Amino acid sequence: MHPKPKGPSSGLGQEFTIMIIPHCHEEPYAFRLSQRWVQWTGIALIVLLLSSISLVYSLRQTKLQLATYHGLLAENRQQQEHILFLARQTTELQGQLAEIQALDNSIRTMMRLTPASVTAAVARPTENPGTAREARLSLLNRGTSLAATILRTQQNIEEIKEAIPETEESLQDLERKVELQRRREAATPSLWPTSGDVTSGFGRRRSPFGGSWEHHEGVDIAAPRGTSVFAAANGIVRVAGWNGGYGNVVFIDHGFGMSTVYAHLHRISVRVGQQVTKGQQVGLVGSTGRSTAPHLHYEVRVNGQAVNPLRFLPE
Ligand SMILES: [Zn+2]
């Protein structure tokens, strides 16, 4: 193409001719264009170009905004799922706390203790949201549901925060009571102090010395001389030595008002002030003091008062 000025170069009225010359023997084509037409066409092209640039830019912006929107939407879904997850976890925690409280009460019932006075950690279900997807869909339908779930979760967390210290206190109280019960049990004389037959029971009987009536303060268990004698419960040795009619005697204080006496011993194997445990040997069967044959005279005293030892002994 060869834009070719035609005529005088005096500005207005100028014309251009575009000639197309084919590479064969055909006639060339010629277009005659006015200068005004060329100017307008130029302006139109520039406007078109600018519009195109602006359109491309707008499209780009829209695309970016769309990407951001999708990103936010995905983030929003994730957050919703996270909130539902936290809600479920909180409900689960409340359930576990309630189980601990139930266990506390069940142990108290077993041990005949007063029930725990703690705030029950009642799990407030968060409408059982089902799967995260179902929940999200339903939540999308009900815009206020998520806000309600958040509120309920906050309330649940508050309740957990309140219930934990009370439960902890109750469990500590239970631990103290169990420990006390354990010590009381360890202090209860529930063991045969030696093996043998009971030849004389507790209470009124004919004296083996002269046949007059007397009150027998314990039981006599016949056993060969030298048979081991064991502490019937944990305690502290208060007497270990000779004491009149008892002969060689051991007196053990078990605490909780309980004490035991082991008399007519051949040998004593503990000393005063010694701490003894249930089943520990305290001496050997003998016939010292007011005794006719080797046997153990065994007494159990509750608050200083002799009681029937058979009440404490296993069958
Ligand atoms: Zn006796």
Side-chain angles (χ1 to χ4, degrees), residues 111-112 178-315:
M111 297 189 66
R112 295 192 184 89
V178 168
E179 173 59 18
L180 185 71
Q181 199 129 325
R182 199 192 61 77
R183 283 200 289 129
R184 195 192 293 273
E185 207 169 284
T188 304
S190 55
L191 198 79
W192 279 92
T194 192
S195 48
D197 295 328
V198 175
T199 50
S200 181
F202 175 84
R204 211 170 130 78
R205 70 164 185 184
R206 286 267 183 198
S207 168
F209 298 93
S212 61
W213 287 99
E214 63 171 17
H215 185 77
H216 191 214
E217 301 268 273
V219 290
D220 292 339
I221 303 167
R225 190 188 308 274
T227 307
S228 289
V229 173
F230 307 106
N234 291 357
I236 296 169
V237 177
R238 297 289 182 212
V239 175
W242 188 269
N243 190 318
Y246 280 132
N248 285 323
V249 65
V250 169
F251 180 103
I252 301 174
D253 180 1
H254 304 291
F256 302 95
M258 308 286 300
S259 52
T260 48
V261 179
Y262 311 81
H264 312 307
L265 298 175
H266 179 61
R267 286 266 186 281
I268 291 174
S269 35
V270 288
R271 51 187 164 67
V272 174
Q274 189 178 334
Q275 191 100 32
V276 289
T277 54
K278 190 180 271 193
Q280 185 177 332
Q281 185 185 295
V282 294
L284 303 174
V285 171
S287 188
T288 56
R290 194 163 168 266
S291 170
T292 51
H295 76 281
L296 174 72
H297 171 87
Y298 174 60
E299 287 181 21
V300 173
R301 295 181 187 178
V302 177
N303 297 321
Q305 194 70 43
V307 295
N308 190 348
L310 293 181
R311 267 171 48 190
F312 295 89
L313 293 173
E315 294 291 324

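Indexing begins at 1, ligand by ligand and atom by atom, following the structure's order. This chain uses plain numbering: 1 for the first residue, then up along the sequence. These numbers were taken from a predicted model, which means no experiment stands behind them. These numbers come from the heavy atoms of this one structure, side chains and all, not from hydrogens, waters or symmetry mates.
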S.K.: Could you give me a count of protein N/O/S atoms that are under 2.8 Å from the Zn ion (ligand 1)?
M.R.: 3
S.K.: Checking side chain to side chain contact (heavy atoms under 4.5 Å, CB included) between Val229 and each of Ile268, Leu284, Val285, Val250, which is the one that passes?
M.R.: Val285
S.K.: Parallel under 30°, tilted from 30 to 60°, perpendicular over 60°: which one fits the rings of His295 and His264?
M.R.: tilted
S.K.: Can you name the salt bridge (Lys or Arg N to Asp or Glu O under 4.0 Å) partners of Arg204, sequence neighbours left out?
M.R.: none
S.K.: Under the salt bridge (Lys or Arg N to Asp or Glu O under 4.0 Å) test, which residues partner Glu185, sequence neighbours left out?
M.R.: none
S.K.: Report the residues that fulfil side-chain hydrogen bond (donor to acceptor under 3.5 Å, both in side chains) with Arg271, sequence neighbours left out, ordered by chain and then residue number.
M.R.: none
S.K.: Does CZ in Arg290 sit with more than 12 non-hydrogen atoms of other residues, nucleotides or ligands closer than 6.0 Å?
M.R.: yes
